[in-house]
Number of protein chains: 2
Amino acid sequence: MNSLDDFDRKLLMEVQRDAQLPQNELGARVNLSTAAVNRRLRRLADEGVIQNYTAVVAPEKVGYLLTIIASVEVESEQIDLLDAMKRTFAQCPQIQQCYYVAGEWDFVLVLTVRNMDEYTALTRQLFFSNNNVKRFKTLVSMSRVKVGLSVPVDIDGK
Amino acid sequence: MNSLDDFDRKLLMEVQRDAQLPQNELGARVNLSTAAVNRRLRRLADEGVIQNYTAVVAPEKVGYLLTIIASVEVESEQIDLLDAMKRTFAQCPQIQQCYYVAGEWDFVLVLTVRNMDEYTALTRQLFFSNNNVKRFKTLVSMSRVKVGLSVPVDIDGK
DNA sequence: TCTGAAAATGGACCTTT
DNA sequence: AAAGGTCCATTTTCAGA
């Protein structure tokens, strides 16, 4: 049902780089007619391979000057407590990413905040006032060396 | 030069959620004519507020089943050594994100890989064979609770 | 804000494998 | 059948009045 060919992979590569390329330009790059490109992009979206199209906003241009990585260890791994935390984290607009991980920590969060005060307030709200947070650690980003969600869909293996 | 009004903020909000909304639909949502929407989106892109438009690909649908968070401590913080590492990390397609951080670690990486073998190979290439890596730690993501790059541009403060 | 031209999308239909 | 190509109508973009 869900096997991608080289056309699909090339399209995904291009459209991850620039989702605004018109379909005729995509067609020129991957060697397909615009109609075929149109059909494939629709199929990829329908199948959920392409989750969505989004504009990437530069946080520093809208006043979000700080990026923070926070690790969280929980007190109890009881399912409903975990689910509640996941929901809380997912809903928090400043949390861009939340991973539930195995290892020394239970959650890793990537946050974007305006300044340290905003982060301090968030730690109160998210960590200190949550009984199930045993401890957390903060790493402050000095440089966002690479930031993206691109998946490498090179032309080869499977 | 770069002050956003509520129209801009609403547009950014919408277009982060779905970059495919036509400009007339955006206009209806934020209460502007399509021409005004058109001009504003162009301006936001020109100013770099909108960095780019991209299709978000579901990694698991293209065979990238594992998400890994890796922390790296370096041996020396000599500028040229750091720059070399940054370049290496930035170029690695499986590294989605790389932050240079202050705190217990020097780098935090978010990686997407097909499987553990691929990650093991990457650790050889990126960490073990790099003299400037003192130590690294791996956290394996069991659940990608929230994954995005959205910046909260709600309607309020500055 | 409105109007209109140029461009892009997406369906219908036919052809190829 | 499954997928590509061509053609065409509709929608969208975007500049000028």
For A:V72, is there any backbone N or O sitting under 3.5 Å from a side-chain donor or acceptor partner on A:K137?
no
Tell me every residue that passes side-chain hydrogen bond (donor to acceptor under 3.5 Å, both in side chains) with [X], counting only those two or more places apart in sequence or in another chain.
X	result
A:E75	none
B:D80	B:Q78
A:Q94	A:E118
B:E60	none

Non-neighbouring partners of B:Y119 that pass ring-ring contact (aromatic ring centres under 6.0 Å, His included), sequence neighbours left out:
none
Please list, chain by chain and in numerical order, all residues satisfying ring-ring contact (aromatic ring centres under 6.0 Å, His included) with A:F7, sequence neighbours excluded.
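Listed in chain order: nothing, the list is empty.
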On DNA chain C, reading 5' to 3', which nucleotide is the first and which the last to sit with an atom under 4.0 Å from a heavy atom of chain B, could you check?
C:dT1 to C:dC2
Please list all pairs passing the side-chain hydrogen bond (donor to acceptor under 3.5 Å, both in side chains) test where one or both residues lie in residues 27-36 of chain A, with sequence neighbours left out.
A:E14-A:R29, A:E25-A:R29
Without decimals, in angstroms, what is the distance between A:D6 CG and D:dA3 P?
15 Å
In residues 35-43 of chain B, which ones come under 4.0 Å of DNA chain C, going by heavy atoms?
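Contacting residues: B:A35, B:R39.
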Can you pull out the residues from residues 12-34 of chain A that lie within a 4.0 Å heavy-atom distance of DNA chain D?
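Per residue number, the list reads A:L32, A:S33.
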Any pair with a residue in residues 29-77 of chain A that passes ring pair (Phe, Tyr, Trp, His ring centres under 6.0 Å), sequence neighbours left out, goes on the list, sorted by first then second residue, please.
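Applying ring pair (Phe, Tyr, Trp, His ring centres under 6.0 Å) to every pair that reaches into residues 29-77 of chain A, excluding sequence neighbours, yields nothing.
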Output all residues satisfying side chain to side chain contact (heavy atoms under 4.5 Å, CB included) with A:R39, sequence neighbours left out; order by chain, then residue number.
A:A35, A:A36
